[in-house]
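Presented below is the structure to which this report refers.
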Amino acid sequence: MSEMSDLIRDLVVANRILANENVVDAYGHVSVRHPSNPRRFLLAWSLAPEMVGEADIMEFNLDCTPAKDDGRPLYHERFIHGGIYEARPDVQAVVHAHSEDVLPFSIATSAKLRPVIHSGSFMGAIIPVWDIADRFGANTNMLVTNMEQARDLAACLGGNKVALMRGHGFSAAARSLIEVVRMSVYLPRNARALLHAKQLGGEIKYLRQGEIDARNRGYSPYSAETWRAWEYWANKAGCGHMLSKPDHAQAHKKT
């Protein structure tokens with residue numbers, strides 16, 4: 001199979017995993033940068049992630065216009081993906097989701113989401129919160145529906161891996177599809193652990209910067225350890241048969 005067809009299958013798997021792990025429901029989406037044209041990305045048409053198949057994947061330009069408009073309805077918030085890819089050439093995959101566990105940290109100004117569990121280290125030490133009202137006023141529908149809004153969100157994300165969106169959800173950016181899925185699965189789990197710890201009261205022990213750095217130094221998106229999780233989640237989601245083999249996945253590795 002070609003690199004493109006393998007990547008499309010991986011993107012379908014990513015959609016199914018995120019749905020099965022309750023990161024997305026009827027809403028939310030995941031994309032990946034085009035393997036040979038960095039000015040394009042791959043994303044499904046407006047469909048619940050659990051239902052996405054290979055034929056549902058479309059190509060988009062960075063301004064979020066479809067490379068081939070066949071009349072299918074598009075995600076209103078596809079601009080999130082285009083804005084991040086445009087601003088961050090290092091980013092190869094993006095997730096947008098509305099996980100309830102992260103929402104308290106997007107609306108409580110006194111509570112910052114920070115990594116507290118080892119598997120949450122990949123979100124990084126800084127998780128900014130983007131409030132659409134800061135620049136676009138109090139009369140938006142809180143959805144990112146154009147490139148101006150998307151670029152403002154991308155500016156808030158900066159060089160970080162995750163940005164929370166006030167009262168809305170989160171956007172995550174990573175160096176590979178596997179990495180952004182892994183990060184998006186563990187982000188709500190980290191948020192739950194932090195919420196429970198705060199309920200217990202007392203001092204919260206966050207991950208130290210040295211621990212975050214050590215975790216990142218030892219991470220590879222196609223290591224046996226990472227592949228184990230990807231394979232496990234895919235089989236749980238009923239799409240394990242669609243996986244590319246690890247040696248072929250290595251060929252997709254972005255450094």
Side-chain angles (χ1 to χ4, degrees), residues 11 14 18 23-24 27-35 37-44 46 49 58-67 74-99 102-103 105-107 109 112-115 122-184 187-188 191 216 221 254-255:
L11 184 55
L18 291 171
V23 178
V24 297
Y27 303 99
H29 20 84
V30 54
S31 69
V32 66
R33 199 185 288 269
H34 193 288
N37 183 352
R39 301 292 300 173
R40 287 187 176 178
F41 63 95
L42 308 179
L43 177 72
S46 185
M58 300 176 62
E59 285 187 31
F60 291 86
N61 300 304
L62 291 192
D63 65 0
C64 298
T65 56
L74 308 176
Y75 290 123
H76 293 308
E77 292 196 289
R78 64 190 182 277
F79 298 95
I80 291 172
H81 303 260
I84 293 174
Y85 288 126
E86 179 185 74
R88 293 277 301 277
D90 60 307
V91 167
Q92 300 299 321
V94 172
V95 166
H96 171 59
H98 309 124
S99 301
V102 308
L103 289 178
F105 296 98
S106 77
I107 59 179
T109 57
K112 302 298 183 184
L113 181 59
R114 292 170 56 187
F122 302 110
M123 72 176 71
I126 299 173
I127 298 90
V129 179
W130 181 70
D131 187 344
I132 192 171
D134 287 345
R135 180 171 174 189
F136 301 100
N139 296 315
T140 73
N141 62 5
M142 298 181 70
L143 302 181
V144 179
T145 56
N146 58 57
M147 286 302 295
E148 186 181 9
Q149 293 170 344
R151 287 168 179 145
D152 196 57
L153 170 60
C156 177
L157 175 67
N160 301 300
K161 297 180 179 180
V162 177
L164 302 187
M165 303 163 70
R166 193 260 302 168
H168 185 162
F170 73 86
S171 293
R175 300 164 293 180
S176 72
L177 195 55
I178 290 178
E179 184 176 5
V180 83
V181 168
R182 178 187 173 114
M183 185 161 53
S184 298
L187 182 68
N216 285 330
K254 304 292 184 180
T255 57

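Predicted model, so just to flag it, every value in this text is computed and none were measured.
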Side-chain contact, heavy-atom cut-off 4.5 Å: Ser171 with Val95? no
Output, in order, the C-alpha distance, side-chain angles, deciding distance and verdict of side-chain contact (heavy atoms from CB on, under 4.5 Å) for Leu42 and His34. CA-CA 6 Å; Leu42 308 179; His34 193 288; 4.3 Å; yes
List for me each residue that meets salt bridge (Lys or Arg N to Asp or Glu O under 4.0 Å) alongside Arg182, sequence neighbours excluded, and say none if there are none. none
Provide the full list of ring-ring contact (aromatic ring centres under 6.0 Å, His included) pairs with a residue in residues 151-182, sequence neighbours left out, each pair given once. His96-His168, His98-His168
Kindly give the heavy-atom pair with the smallest separation between Ala172 and Val162, and that separation in Å. CB-CG2, 4.2 Å
What residues, two or more places apart in sequence or in another chain, satisfy salt bridge (Lys or Arg N to Asp or Glu O under 4.0 Å) together with Arg40? Glu59
Rounded to the nearest 0.5 Å, how far does CD1 of Ile132 lie from CG of Leu143? 7.5 Å
If you look at every heavy atom in Leu11 and Val30, which pair is closest and at what distance? CD1-O, 3.6 Å
Would you say Arg135 has more than 12 foreign heavy atoms packed within less than 6.0 Å of its CZ? yes
On a heavy-atom basis, which atom in Ala154 and which in Gly83 lie closest, and how many Å separate them? CB-O, 3.5 Å
How would you list, by chain and number, every residue that makes a side-chain hydrogen bond (donor to acceptor under 3.5 Å, both in side chains) with Arg166, sequence neighbours excluded? Asp131
Just how far is it from atom CD of Gln92 to atom CD1 of Ile178, taken to the nearest 0.5 Å? 13.0 Å
Give every residue pair that meets the ring-ring contact (aromatic ring centres under 6.0 Å, His included) criterion with at least one member in residues 137-166, sequence neighbours excluded. none
Identify the two heavy atoms, one from Val23 and one from Ala97, that lie closest to each other, and give their separation to 0.1 Å. O-CB, 3.4 Å
Would Phe41 and Leu43 satisfy side-chain contact (heavy atoms from CB on, under 4.5 Å), going step by step from the backbone distance to the final call? CA-CA 7 Å; Phe41 63 95; Leu43 177 72; 4.0 Å; yes
Side-chain donor or acceptor of Arg33 paired with backbone N/O of Tyr85 under 3.5 Å: yes
CZ-CG distance between Phe122 and Asn216, expressed to the nearest 0.5 angstrom: 6.0 Å
Would a distance-only check, ignoring hydrogens and angles, find a side-chain to backbone donor-acceptor pair under 3.5 Å from Thr65 to Asn61? no
Spacing of CG belonging to Leu187 relative to NZ belonging to Lys161, to within rounding of 0.5 Å: 12.0 Å
Would you sort out whether Lys112 and Ile127 count as a side-chain contact (heavy atoms from CB on, under 4.5 Å), showing the intermediate values? CA-CA 8 Å; Lys112 302 298 183 184; Ile127 298 90; over 6 Å; no
Using side chain to side chain contact (heavy atoms under 4.5 Å, CB included) as the criterion, list what pairs up with Leu74, not counting sequence neighbours. Met58, Phe60, Pro66, Arg78
Sort and list the pairs that fulfil ring-ring contact (aromatic ring centres under 6.0 Å, His included) and have at least one residue in residues 135-157, not counting sequence neighbours. none
Test log, rule side-chain contact (heavy atoms from CB on, under 4.5 Å), inputs Met165 and Val144: CA-CA 10 Å; Met165 303 163 70; Val144 179; 3.7 Å; yes
With sequence neighbours excluded, what pairs up with Ala163 under the side chain to side chain contact (heavy atoms under 4.5 Å, CB included) test? Pro128, Leu153, Leu157
Test side-chain hydrogen bond (donor to acceptor under 3.5 Å, both in side chains) applied to Arg114 - qualifying residues, sequence neighbours left out: none
Glu179: which residues meet the side-chain hydrogen bond (donor to acceptor under 3.5 Å, both in side chains) condition with it, sequence neighbours left out? Arg175
Please report the closest heavy-atom contact between Ser106 and Gly167, naming both atoms and the distance. OG-N, 3.0 Å
Which distance, rounded to the nearest 0.5 Å, do you find between the CD1 of Ile84 and the CG of Leu62? 12.0 Å
How long is the span from the CG atom in Asn160 to the CD1 atom in Ile126, to the nearest 0.5 Å? 5.5 Å
Any donor-acceptor pair under 3.5 Å linking the side chain of Glu86 with the backbone of Gly82? no
Donor-acceptor check, side chain of Ser99 to backbone of Pro188, threshold 3.5 angstrom: yes or no? no
Can you sort out the partners of Phe79 under ring pair (Phe, Tyr, Trp, His ring centres under 6.0 Å), two or more places apart, ordered by chain and number? none
Nearest heavy-atom approach of His81 to Ser31 is ND1-OG, 2.6 Å
With sequence neighbours left out, the residues meeting ring pair (Phe, Tyr, Trp, His ring centres under 6.0 Å) with Tyr75 are His29
